[in-house]
Amino acid sequence: MILLFIIQYYSVSVSSDSSNETDQEVLLAFQKLVTSPSHFLANSWTKNTVFCSWFGITCSSKRQRVVALSLPDLQLQDTISPSLANLSFLRELNLENNFFHGGFSYRIGHLPHFQVINVQNNQLEGSIPTSLFQYWRVQVISLVFNKLNDEMWKGPWYVSELRVLNLKNNSLTGIIPPSVENATNLLNFSLSGNRINDNILKEIALFNISSLLAASLTINSLSDPLLLDEWNVVSNLKYLTISKKKISGRIPSNICLVRTELKDLFLDFNNIPGEIPRNIGCLVKLEKFYIGRNAISGTIPNSFSNISTLQYLSCSRNQIEGHIPPELGEVIKFEAVSFGEYLSYRRIPTTTGLHLSNIKGLYLADNDLEGEIPLHITNASKIVTLMLAKNFFSGNILTNLGNLCKLMLQDLKVGSNPLNDFLLNSIGNLSSTIEVFDIGDAHINGLIPTSISNMTGLTTLVFQYNNFTGSISPEIECIGNLSMLQHLYFGSNEVAEKFPSSLWKMRGLLFLKVSQNSIKGEVSLDIGGLKAIIDLDLSGNHLSGMRQSRIGDLQNMQCIFLSNNAFSGPIPLFFSNLISLEYLDLYLNALSATIPKSLEKLLYLKAINVSFNNLEGEIPSDGVFVNSTLQLFLGNKGLCGIHKLEVSACAITSLGKQSKYKKLVLKIVTPVVISSFMILLLVSIWIMKRQKKGKSKDVQKIPEIMTYQSISYHEIQQATNIFDGSNLIGKGSSGSVYIVTLSSGTVVVIKVLDLENEQVCRRFDTECEVMKNVRHINLVPVITTCSSDYIRAFVLQFVPNGSPENWLNKENCHLNLLQRVTIMLDVAMEIEYLHLGNDTPIVHCDLNPTKILLDENMVAHVGDFGTSKILAVSRSMTHTETLGTLGYVAPGFGEKRPMDKAIFNEYLGLREWIRQAFQGTMMDVVDVNLFSAEEQVTSRSEICISSVIELALDCTEDTP
C-alpha cells in the first residue's frame, strides 16, 4: 500500500511539473469530443486567445494553470475526455445539466488538488471511479440523476474531507461499505432512488458520523428495522428520510437519542408496526414528522403538544384509533395536519383550532369522525385546504361553512357525510379564492342556491349523489359566470326540465357529468360551444333527440355517455367526426337502422356500446369492431355479421344484389362516360410527352432514400453557413428552405422544419414514412434526411423551374394550354400511383400548386407529404388532420381569386361561379394568360378547356 501511494505521488509530481501548454492541449482534446446545438465551445475556445480567458475556465494567478472547469447548462453532449485527468492543478469540475454519456476517467480522483466534482443531471453510465473515494482532499461528490450502475467501491475509503456525497436517482446496487464511516466530516449523505440492499441499517453505523446533518435513503431495497442505540446515534442529525422502502420493526422507544437537533423525520410508505412512542415529544426541535402509510396502531400521543416547532404532522393511512388529542391545538406553528384515511376517531376536539393561526392544510378525510364541525375552525385564517369528506359529520355544517368567507380557502371537500341539510344562499359567501368545492353524496336537499355563481374562481364543483330537486335551468342559469370551471359533476340528483343555456357557453369546461336526473327534451344545438370538453355524461335522463345538435363539432371529445335515454332514429353520422373519441356509450335507447360504417375510421375508439336498441343490418367488421365483444351488441334482434360475435350471418337478398350491381355499374360506367371525350387528347399528349422524355439525357433514377447516409446537423450548418439569410429562398409557418452547395459540389435544397411547432414535427415523421415506401418519376426526389433533438430537415434534389404557383403569377412567365394539361397529367399519374400503386394507399391531403415543382424539362414532381395519410396501416399509428377543402381550386389557376369580395360571397363560391359560367360564358373564367395576344383561340382549344373544366366540376361534386 505504501508503495502504491509512492507511485501515485511520483506520477502526480511528474504531471505537476508539466507546463500550462499541457493544460491547453487537454482542453482542446475535451473540446474535440464535445458537441452542442450552438457549437458554443467551438466558437469560444480558439487558439487565438489565451486559454485562461476561455469561457468556463478559471486559472491560478501565479502559474496560469487550470484550477476549475465549469460548463453547466450548455446542452453539451457526447463523452467526457479522459484527458481531464491530466489537469494536474484542477480543483473543481462542474458539468451539471448537460447530455454527457459514457463514463469518465478512473484517474480523476488522483489529481492532487481535486476537491469538487458535480456532473449531476447527465446520462453517465458505468461505475463510479474508485479514485474518488481514495483521496483525502475530495470534498463534494455530486452524481445525481445519471445512469450509474454496478456496486460501489468496497475497498477502504480515504475521504476525511468529504462534505457532500449525493448519489441519488441512479441504479447503484450492492451495499454501502462500512468504511463510509471514514468520512468523518460528512454533512449530507443521499442514496435515494437506487437499488441498495438492506445491510445499510444493521452493518454500518450510519448515525455514528458526528458531523452528519442530513441522510436520505428513500426508494431503495431496504427492509431492515430501524435500529438506534447509544453506540450508533449522534445528536447532530437534523434531516432523516427513510421513505418508500420496506423498513420493518417498530419506531425505537429510545428515539430521544437523536432528540437534540432532529428537524425532519420521514418514515412514510414503509411496513412499520406498533405505536408512535409516547415520548415522541422529546424531539423538541422537530418541524416535520411523516409516518403515513404504515401499520401504526394505538393512539396519537399527547406529547406532540410539547413540540412547539412542529409544522407538518402526517399520520394518514394507518390503524390509529381514539380521539384527536385536544392538546394539539396548543401547537401554534402547525401548517398542515393529516390524520386521513383508515383511521378511527370519534370527534374533533372542541378546543382544537383555537390556536391554529398558521394552519394551511387540515386533512381529516376517510375517518369515523362524527358530530358537528366546530365553529372555531373559522379562526384558522390562513387555511387553504380543508378535507373533511367521508366521515359521519352532521348538523348545520353548511351554515358554519358560510362563515369561511374571510379565509384564503382554495380546496374544500365535505362530501360523503350524512349532513341531511339544505344548501343555503349563504354558501355563496365562501372565500372568493375557492377553486374546489366538493359536497357530493352529502344528503343535501332542496334547490340549488343562485349564489353559487359568486365563487368565480371555481375550477371543480361536485354536487353529485344528493337530493337536489326542481328545475335546473332557473336555479343555475348564472352558472355561466363561472368562467374558470373545468369539472362540473351534477349526476344522481332529482332535477328536471332542461339544461341552462349558459352551460353551453363554458368554453373551458373539460368534464360534464349530469347523469341520473330527469332532464327532458333534445340535446341543445348550442352544445357545440363546449370547445374544450373531453368527457360528457348525459346518461340516465329522458333526452329524446340529438340529430340537430352540434356534438360533431367537439373535436377534443374522448368519452361520451348517452345510455338509458329515449334517443330514437338512426345513429347520427356526426359521431364519425369525433377524431379523438375513445368511448361511445349508446346503451338502452330506441336507436334504429344500421350501425354507421364510418365509425370504423375512428383510430382511437376503444369501445362502442349499442346494446339494447332496435338496430339492424350488418355489424361493421373493421376498426373498433374487430375486438368488440357480444355484450356490446345484445338486445338488437336485427343485427348480423361478424362470425366471432356469435350473431347470425347476414342474408344476401336479390334486391341487395341488384342494388350492389347498380352501384357497381355507376362506379364503373360514370367515370368512363365523363372521361371518354378526353381520351384522344390525353393519349396524344402522352405520346408527345414520352417521346420528349426518351430524347432527354438528363432523366435520372429516383434515389433510394434509405441508401443514403443521413446528413449531420453539423454538415447542414456548414452548408447553410449557419443558416445565413443569403441562402434562404423561402420561409413559412412550418420552417425555412435553403439552396446550398454540398461539399461534393452538388446543388441541393434543404428544408429545415420549425421544432417549436409540434404539428410540423409530426408531419416530418409522416413524410419519412411515405417517402421510404414510394418510388416514382413524378415525385420530388428526397436525397436524405437529418433528424435529432435539435433539427428536422429534408435534403431535396434541386428542381430549377420552381412551382406552377410562381409561373401562374409572374408577369413575364406564362404556361400555355399544352404545358398546363401536361402538368396536370404528370400530377394525375403520380396521384394514381399513390392511391393504387402500393400495397397501402397514400392520400396526399394537401395537394396544391405550391406542392408541385417543375424540372428543367417542365416535368412536374409532387412533394411535401407532411400532411398525408397512409391508409390500412396499424391502428396505433398517429393520425393527422386532413387538410384541404372539397372542391378546392388554388387561386393561381384562375384569373379571379376566391378572396375577391366583389364576386364571391357566402352564397357564391369559386366552384359555383365556374359552374354557372360553364353554361355559356366559359371563357370569362379562363386565365387571360392562357393564350398569347397573337395566338388565336380555336374551337379545338375550347373543346379541350371545356373537357377539363367539366371533369373538374364532376370531381368536386359532394359525392363524386
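Residue numbers start at 1 and run along the sequence shown. Since the model is a prediction, treat every value here as computed from it, not as a measurement.
- Looking at heavy atoms from C-beta onward, S549 lies in side-chain contact with F574 at the 4.5 angstrom threshold.
- At distances below 3.5 Å, not a single donor-acceptor pair connects side-chain atoms of N466 with backbone N or O atoms of N493.
- Note that the OG1 atom of T433 and the CG atom of D411 stand 11.0 Å from one another [nearest 0.5 Å].
- No donor-acceptor distance shorter than 3.5 angstrom exists from the side chain of N417 to the backbone of L419, with no hydrogens or angles considered.
- To the nearest 0.5 angstrom, I519 atom CD1 is 7.5 Å from L538 atom CG.
- Here L602 contributes atom CG and S576 contributes atom OG; the two are 5.5 Å apart, rounded to the nearest 0.5 Å.
- Counting all heavy atoms, side chain and backbone alike, Y604 lies closest to I579 at CD1-O, 3.4 Å.
- F468 and F490 have parallel rings, their planes meeting at less than 30° on a 0 to 90° scale where 60° marks the start of perpendicular.
- Scanning for side chain to side chain contact (heavy atoms under 4.5 Å, CB included) contacts around Q631 gives T629, L634, with sequence neighbours left out.
- At least one side-chain heavy atom of L578 sits less than 4.5 Å from a side-chain heavy atom of I551.
- Proximity of a side-chain donor or acceptor of N556 to a complementary backbone N or O of K531 within less than 3.5 Å is detected.
- Residues F561 and D535 are in side-chain contact: their nearest non-hydrogen atoms beyond the backbone lie under 4.5 Å apart.
- Side chains of L512 and I533 form a contact here, defined as non-hydrogen atoms less than 4.5 Å apart.
- Surrounding OH of Y489 are more than 12 heavy atoms belonging to other residues, nucleotides or ligands, all under 6.0 Å away.
- Of all non-hydrogen atoms in T460 and L485, the two that sit nearest each other are N-CD1, 3.8 Å.
- Side chains of L639 and I595 form a contact here, defined as non-hydrogen atoms less than 4.5 Å apart.
- More than 12 non-hydrogen atoms from other residues, nucleotides or ligands lie less than 6.0 angstrom from NZ of K851.
- Here the closest non-hydrogen pair linking L584 and L605 is N-CD1, 4.3 Å.
- Annotation: K513, atom NZ; neighbour count of heavy atoms from other residues, nucleotides and ligands within 6.0 Å is above 12.
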How far apart are the C-alpha atoms of L562 and L543, what are their side-chain angles, what is the distance that settles it, and do they pass the side chain to side chain contact (heavy atoms under 4.5 Å, CB included) test?
-> CA-CA 9 Å; L562 301 173; L543 297 169; 5.7 Å; no
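- The side-chain heavy atoms of L632 and S611, taken from C-beta on, include no pair separated by under 4.5 Å.
- Of all heavy-atom pairs between F612 and N636, the closest is N-ND2, 3.5 Å.
- Looking at residues two or more places apart in sequence or on another chain, you find a side chain to side chain contact (heavy atoms under 4.5 Å, CB included) between L573 and P596, S598.
- A donor-acceptor distance shorter than 3.5 angstrom exists from the side chain of D537 to the backbone of S539, with no hydrogens or angles considered.
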Sequence neighbours excluded and cut-off under 3.5 Å, please list the side-chain donor-acceptor pairs for residues 434-447, or say none.
residue: D438; atom: OD1; partner: G440; partner atom: N; Å: 3.0
residue: H443; atom: ND1; partner: N420; partner atom: OD1; Å: 3.4
residue: N445; atom: OD1; partner: N467; partner atom: ND2; Å: 3.2

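- Counting heavy atoms from C-beta on, the side chains of S544 and K520 never come closer than 4.5 Å.
- Taking 4.5 Å as the limit, every side-chain heavy atom of F575 sits out of range of all side-chain heavy atoms of I608.
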